[in-house]
Amino acid sequence: TERAERKLSKVAKHLREPMEAHMVVRHEKRRYDVELTITAPGFQTAVRSSTDDFIASVDGVMNRMERTARRHRERVLHREHQAPAEAQRY
């Protein structure tokens, strides 16, 4: 959906290109199970969300993925800034 693509662009800001994303949506009885898997250089993860509302499930999985990607980016940036300082000590 357009909503998922728009939210995925926010996730892409935190990751290196090329990025590959796969979304699986299952509708069983009254539940919408959404699983999003993203693979990028140095990053691979999957998140899930399950609710009674399709849009809430998509929003939930996108919000979780954005938080995960942001944390990954912050860790990478922190490591890059720490490496030169540690090398100078030795």
Side-chain angles (χ1 to χ4, degrees):
T1 66
E2 286 183 33
R3 181 183 196 91
E5 288 177 11
R6 192 171 56 242
K7 289 191 171 256
L8 192 57
S9 69
K10 290 182 180 180
V11 173
K13 290 189 299 187
H14 301 292
L15 300 174
R16 294 183 182 156
E17 296 291 332
M19 183 185 83
E20 191 174 311
H22 296 280
M23 182 180 282
V24 177
V25 178
R26 289 185 204 89
H27 182 228
E28 296 180 15
K29 297 185 181 180
R30 294 180 147 173
R31 302 292 290 177
Y32 287 94
D33 298 320
V34 179
E35 180 178 338
L36 177 64
T37 304
I38 290 186
T39 304
F43 179 81
Q44 180 176 0
T45 192
V47 294
R48 292 187 180 118
S49 180
S50 180
T51 66
D52 296 338
D53 181 32
F54 174 71
I55 292 181
S57 290
V58 170
D59 287 348
V61 81
M62 289 298 183
N63 290 338
R64 286 183 187 151
M65 184 58 78
E66 186 177 5
R67 279 194 310 267
T68 302
R70 187 180 324 118
R71 279 195 315 261
H72 171 74
R73 180 176 164 226
E74 289 170 357
R75 285 185 200 130
V76 168
L77 291 174
H78 181 72
R79 266 187 261 143
E80 289 174 356
H81 289 295
Q82 291 295 320
E86 291 176 4
Q88 292 173 359
R89 281 193 251 163
Y90 296 109

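Reckoned from all heavy atoms, side chains included, excluding hydrogens, waters and symmetry mates.
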Would you give me the side-chain donor-acceptor pairs under 3.5 Å for residues 5-14, sequence neighbours excluded?
unit_1 : atom_1 : unit_2 : atom_2 : d
Ser9   : OG     : Arg6   : O      : 2.6
His14  : ND1    : Arg73  : NH1    : 3.4

**Complete:** Nearest heavy-atom contact between Ile55 and Arg3 is CG2-NE, 3.4 Å

**Prompt:** When you look at Arg75 and His78, which way does the side chain to side chain contact (heavy atoms under 4.5 Å, CB included) test go after all the steps?
**Reply:** CA-CA 5 Å; Arg75 285 185 200 130; His78 181 72; 5.6 Å; no

**Message:** Within this structure, what is the CZ-CZ distance for the pair Arg31 and Phe54, rounded to the nearest 0.5 Å?
**Reply:** 14.5 Å

**Prompt:** In Å and rounded to the nearest 0.5 Å, what is the CG to CD distance from Leu36 to Glu66?
**Reply:** 12.0 Å

**Request:** Any chance you could lay out the side-chain hydrogen bond (donor to acceptor under 3.5 Å, both in side chains) test for Ser57 and Thr51, step after step, and finish with the verdict?
**Result:** CA-CA 6 Å; Ser57 290; Thr51 66; 2.6 Å; yes

**Prompt:** For Pro41 and Arg16, which heavy atoms make the closest approach, and how far apart are they?
**Reply:** CD-O, 3.6 Å

**Message:** Contact between Phe43 and Thr68 at the side-chain level, heavy atoms closer than 4.5 Å - yes or no?
**Reply:** yes

**Request:** Please round to the nearest 0.5 Å and tell me the distance separating atom CZ of Arg71 and atom OG1 of Thr45.
**Result:** 9.0 Å

Can I get a per-line list of side-chain donor-acceptor pairs under 3.5 Å for residues 20-28, giving both atom names and the distance, sequence neighbours left out?
unit_1 : atom_1 : unit_2 : atom_2 : d
Glu20  : OE2    : His22  : NE2    : 2.8
His27  : NE2    : Lys29  : O      : 3.4

**Prompt:** What is the minimum heavy-atom distance between Met62 and Ala4, and which atoms define it?
**Reply:** CE-O, 3.4 Å

**Request:** Verify side chain to side chain contact (heavy atoms under 4.5 Å, CB included) between Arg48 and Val61, making sure each step is shown before the conclusion.
**Result:** CA-CA 6 Å; Arg48 292 187 180 118; Val61 81; 5.6 Å; no

**Beyond-backbone contact of Asn63 with Met65, side-chain heavy atoms, under 4.5 angstrom** = no

